[in-house]
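Encoded as structure tokens, the structure appears first; notes follow it.
In what follows, every heavy atom counts, from backbone to side chain, and hydrogens, waters and symmetry copies are set aside. Throughout, residue positions are numbered sequentially from 1 according to the sequence presented.
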Amino acid sequence: ILCNDATNADGTEIGDPTEIALINLGDRFGLYASGVREKYPRFGENPFDSDRKLMSTQHVMEDRPTVLVKGAVDVLLDRMTHIQTDGGVHPLTETDKEKIRTQNQEFSKEGLRVLGFAYKEIMGGRELTLEDEYHLTFIGMIAMMDPPREESAEAVKACKQAGIRPIMITGDHKVTAAAIAKRIGILKDDSG
């Protein structure tokens, strides 16, 4: 909700569909964006960038300046040093990383879009920088369905019948893209 630019006020959704989905998920659990954002105002932001595949925002949470980061799980894995579990915060082990990679892969194979979430406490009184997106604590991931348009499969079929080779361009994870390409008939197996 905080590392997010979307809004949903009185049924009017404004913003990126993925971010809107996250806001709507919060609503279902009684975590309304307006209240959460009022309690923890944003003091800085590194906007989403398709090269970094991350977005980060700065807030004061429990009297501590904190950076919240969301983005591609594989990118975050290279930037995380700790993990938060029910038992508290611990150094991130190779076993933890492998579990995260495996779960990310499983979600992606199902054609789901996966986002990872992390945070880091920082020194107060300064602006947020890109360097603040390192040495993070992993707090979880979410997978969501971003289904292809219903007419996609028919369009692909018509192209193939006309001798046109359809090509899909996406920013999704390779495994997610392959699952969606299979679903609409562009890809028959993992070989391309």
Ion pair check, K97 and D78, cut-off under 4.0 Å: no
CA sep, side-chain torsions, deciding dist, call: T66, V60, side chain to side chain contact (heavy atoms under 4.5 Å, CB included): CA-CA 6 Å; T66 305; V60 174; over 6 Å; no
D5/R42 salt bridge by N-O under 4.0 Å criterion: yes
Side-chain donor or acceptor of R52 paired with backbone N/O of P47 under 3.5 Å: yes
Side-chain heavy-atom pair I100, T102 within 4.5 angstrom cut-off: no
Donor-acceptor under 3.5 Å (N4 side chain, A6 main chain): yes
M61 side, atom CE; D63 side, atom CG - distance, nearest 0.5 Å: 11.5 Å
Closest non-hydrogen atom pair between C3 and L68, with its separation: SG-O, 3.6 Å
L92 side chain near T81 side chain, heavy-atom distance below 4.5 Å: no
Interatomic spacing from CZ in R64 to NE2 in H59 - rounded to 0.5 Å: 15.5 Å
Spacing of F43 atom CZ and T57 atom OG1 [to the nearest 0.5 Å]: 11.5 Å
Hydrophobic cluster identity match, L128 and V75, side-chain contacts under 4.5 Å: yes
M141, M144, M55 screened by side chain to side chain contact (heavy atoms under 4.5 Å, CB included) with L115, the one that passes: M144
Salt bridge (Lys or Arg N to Asp or Glu O under 4.0 Å) pairs, two or more places apart, involving residues 15-41: E19-K70
Connected via hydrophobic side-chain network under 4.5 Å: M80 and Y134: no
Nearest atoms (heavy-atom pairs only) where L136 meets A118: CB-CB, 3.8 Å
Steps toward side chain to side chain contact (heavy atoms under 4.5 Å, CB included) verdict (I83, T85): CA-CA 6 Å; I83 185 169; T85 66; 4.2 Å; yes
Single-linkage hydrophobic cluster V73~M145, side-chain heavy atoms < 4.5 angstrom: yes
From F48 atom CZ to K53 atom NZ, the distance as rounded to the nearest 0.5 Å: 8.0 Å
Stepwise side-chain hydrogen bond (donor to acceptor under 3.5 Å, both in side chains) check, E133 with S56: CA-CA 7 Å; E133 295 176 343; S56 60; 2.7 Å; yes
For L2 against Y40, the heavy-atom pair lying closest together: CD2-O, 3.5 Å
V156-M168 co-clustered via ILVMFWY side chain contacts under 4.5 Å: yes
Side chains of L76 and V69 in contact at under 4.5 Å (non-hydrogen atoms): yes
Spacing of OG1 belonging to T7 relative to CD1 belonging to I20, to within rounding of 0.5 Å: 7.5 Å
Stepwise side chain to side chain contact (heavy atoms under 4.5 Å, CB included) test for R101 and L77: CA-CA 8 Å; R101 277 189 204 98; L77 268 175; 3.4 Å; yes
Side-chain donor-acceptor contact under 3.5 Å, N104 with D74: no
Closest contact, heavy atoms only, K160 versus P166: CG-CD, 4.0 Å
Enclosure of H135 NE2 (heavy-atom neighbours >12, cutoff 6.0 Å): no
Side-chain H-bond candidate by donor/acceptor type, T137 with Q84, under 3.5 Å: no
Gap separating the OG1 atom of T129 from the CD atom of E127, nearest 0.5 angstrom: 9.5 Å
Polar contact flag, side-chain donor to acceptor under 3.5 angstrom, D132-Q58: no
E98 vs T93, side chain to side chain contact (heavy atoms under 4.5 Å, CB included): CA-CA, chis, key distance, verdict: CA-CA 9 Å; E98 192 52 41; T93 65; over 6 Å; no
Residue Q103 excluded, over 12 heavy atoms near CD under 6.0 Å: yes
Any side-chain heavy-atom pair of D49 and L54 under 4.5 Å: no
4.5 Å side-chain heavy-atom contact, F29 and L25: yes
